[in-house]
Protein chains: 2
Amino acid sequence: MKPKITLKHIARELDVSISTVSKALKNSEEIGRDTKEKVQAFAKLYNYKPNNIAISLKNKRTKNIGVIIPDIVHHFFTTVFRGIEKYANAQGYNVIVCVSDEAFDKEVINMEMLANGSIDGFIMALSGETQQKNDFNHLKEITEQGIPLVLFDRVTDEIQCDKVIINDMEAAFLAVKKLIEAGRKRIALVTTEDFLNVSAKRAEGYYMALKENGIAIDHGLILKLPYQMQDEIMSEKFFDFAKPDAVLCVNEIFAIKCMRIAQKKGYRIPEDIAFIGFTDGILSKYANPTLTSVDQHGEEMGKIAAQMLIEKIERDDDQEVEEVFETKIISATMVERDSTPKFS
Amino acid sequence: MKPKITLKHIARELDVSISTVSKALKNSEEIGRDTKEKVQAFAKLYNYKPNNIAISLKNKRTKNIGVIIPDIVHHFFTTVFRGIEKYANAQGYNVIVCVSDEAFDKEVINMEMLANGSIDGFIMALSGETQQKNDFNHLKEITEQGIPLVLFDRVTDEIQCDKVIINDMEAAFLAVKKLIEAGRKRIALVTTEDFLNVSAKRAEGYYMALKENGIAIDHGLILKLPYQMQDEIMSEKFFDFAKPDAVLCVNEIFAIKCMRIAQKKGYRIPEDIAFIGFTDGILSKYANPTLTSVDQHGEEMGKIAAQMLIEKIERDDDQEVEEVFETKIISATMVERDSTPKFS
DNA sequence: TATTAACACGAAACCGTTTTCGTAGACCGT
DNA sequence: ACGGTCTACGAAAACGGTTTCGTGTTAATA
């Protein structure tokens, strides 16, 4: 076993001072040719690499960014994560992930763990419980300490910070509009409970599209499912009573489940019922029939979040310009597949 | 903005020494009641939290573990990751993830970035390219430096370290055996190219089951697809020529794709063709028909990997017992669904 | 020859902790 | 009054770097 070598070791071995070694390795003008070469050769030979921790302590910069997401076994979040990781890595940053499990307490604990020097900034999507409780003190603390924060997807107006979201409302609006234009009359909405910010926005788009086309809102056509939905019966009844000819679902899983139920009941897709889901994930692509869905461009979202964060981190060092926060909006796009009739 | 407070600040403010503050906060016997109370009250008031980086430097322990996986938008890997993260977090560790993207160079670079003090140990699954090149010098370096390493799923015999895998061969063997017992004669195997360790093992189990049941191996029944398979044509032809009555696929996606093709060709599932996939992920559950598949128990795997790693990390501190490495084998189990006939 | 500038390097502070060791003062006993 | 023992605290080193500043040596200049 050969443990890591330090500046001190090199200095002792070569009979020079630590400062000289440090400077020689950074090719400082201050050091003579011979000494530099000697030191550099020695360092290469013993594969010297500076200790990240020591450097972090000195510069007060860790080159780590903290990512807190509600769930990791989740297509959208991992897609965003990939965007973050790619960009961050390219800029020399590492990513520390914590999973809040949709729980407020875990979110708080994780943030506190990381906020004590482990990271230079946060990227996060709020947990369901946090949105429900509407308690954002932990975020407030972070920003007050001057730690940069970027919120994505699951955001809140209560906190002043950079954000990146998609135009959920507009995307839902357009999806429903397409269905209306295709002649569908009884368009259902399958959504989660209201406290999830994004679901609310999507519902809003749904309402708007109906309204704009003079269709009355029929609450019998709206199904709210618990987030961890296993409730087959509820959905089955819904189909029997509502008899929709099109369904907009706020996520993939709901869409797939509903398609199964519709198929079981003998409806043809998309002739009798059309389906559109949100989140263009792996399920949409491989479903049978393949599912038309709204692509949230997760990777792009992650990349932009990382970009905004790193820019803020690196600007913080320089000077103290007064804070200005941005909210970037990514345009969702609809991926047409076989669960809808061909739109014009 | 109120920046982080340090021991030095408290010491200056309360007119005591830094050492006194440090000890007082740890409730040391050495410090008098009054002083302790004074210091603790002040610390609470200003929400003092020790700086992780400084502590890491001092103890030479970061309480971070590095996880390197080939892909993050991948059901199995994220499932393992969840297991790792849960256990690690419970033990006070944070997780730094790097994605190798199946590329050798990225794997090496990521390891080197993290190995310089950022983490106390690694958990990883080898990238495809690494397995192909059979070059494990980066792993060797790590272990020689005394950094604990746990390999999972995609492992190699070349490196002496802890490992956790599933009994791929046996699982494939049992799956094929079930198919044989159900009367299937022409059992196909759809796999990746050989260099992926796990695929090779699964193929081996397939061979063994055939052999044991006196069925000759028909290479016309074996289809090897490139890892990022988009090659519909290849698979279509395969079905026409091979005319299998059962198919074992080494992953979910292959299975779903093959099911689609079979359905398109008018086969009934499972009456005409049965399908079994590996990786019991979200696709298996929501496919149509639902897919019988081999559950690799990713979360359990991650938990065990984290357990082994942390144990090694914390034992390393204590004494220098001679190294002993374990390979834990997790039993895969088959989840029966609708793509296979009912097994007895 | 004396002055000075350039060169090449070392000492030391610093980042924020922890921890060992030393010691001033109070108190005890004789 | 003196030696000894606690008690309660501070000084300083250490972790592994970076960086500022000082300085001895040499060579160039007046």
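For the pair A:Ile18 CD1 and D:dT18 P, the computed distance is 11 Å after rounding to whole Å. Computed from coordinates, the A:Lys63 NZ to D:dT18 C1' distance equals 16 Å when rounded to whole Å. For the pair A:Lys8 NZ and C:dA11 P, the interatomic distance rounds to 14 Å; values are reported in whole Å. Atom CD in A:Glu37 sits about 15 Å away from atom C1' in C:dA8, given to the nearest Å. The distance from atom NZ of A:Lys60 to atom C1' of D:dG17 is 15 Å, rounded to the nearest whole Å. When rounded to the nearest whole Å, the span between CD1 of A:Ile53 and P of D:dG16 equals 11 Å. Between the CG atom of B:Asn59 and the C1' atom of D:dG16 there is a distance of 14 Å, given to the nearest Å. Remark: C1' of D:dG17 and CD1 of A:Ile5 are 14 Å apart, rounded to the nearest angstrom.
Among all heavy-atom pairs drawn from A:Lys38 and A:Leu14, the shortest one is NZ-O, 3.8 Å. When all heavy atoms of B:Val324 and B:Asp162 are compared, the pair lying nearest together is O-OD1, 4.2 Å.
Residue-level contact check: A:Ser19 touches the bases, meaning some heavy atom is under 4.0 Å from a base atom. Residue contacts shown for A:Lys23 include a base, since a base heavy atom lies under 4.0 Å away. The residue A:Ser22 sits close to a base: some heavy atom pair falls under 4.0 Å. Among the atoms of the strands shown, only primed sugar atoms or phosphate atoms (P, OP1, OP2) are found under 4.0 Å from some heavy atom of B:Thr35.
The side chain of B:Tyr48 contributes an N or O atom lying less than 4.0 Å from OP1 or OP2 of C:dT17. For the pair B:Thr20 and D:dC9, the criterion of a side-chain N or O lying under 4.0 Å from OP1 or OP2 is not met. At C:dA8, none of the side-chain N or O atoms of A:Lys36 fall inside 4.0 Å of OP1 or OP2 (strictly under the cut-off). For B:Lys26 and C:dT18, the shortest distance from a side-chain N or O to OP1 or OP2 is below 4.0 Å. For C:dG16, neither phosphate oxygen OP1 nor OP2 lies less than 4.0 angstrom from any side-chain nitrogen or oxygen of A:Lys58.
Paired with A:Phe325 under the rule side-chain contact (heavy atoms from CB on, under 4.5 Å), one option of A:Lys312, A:Met308, A:Lys163 passes, and it is A:Lys312.
Sequence order on DNA chain D of the closest nucleotides to B:Ala54 and B:Asp15 puts B:Asp15 first from the 5' end.
For B:His138 and B:Phe104, the ring centers sit closer than 6.0 Å to each other.
Closest to the side chain of A:Glu30, from the set D:dG17, C:dT18, D:dG22, is D:dG22.
Aromatic ring pairs are classed by plane angle as parallel below 30°, tilted from 30° to 60° and perpendicular above 60°; the pair B:His74 and B:Phe77 is tilted.
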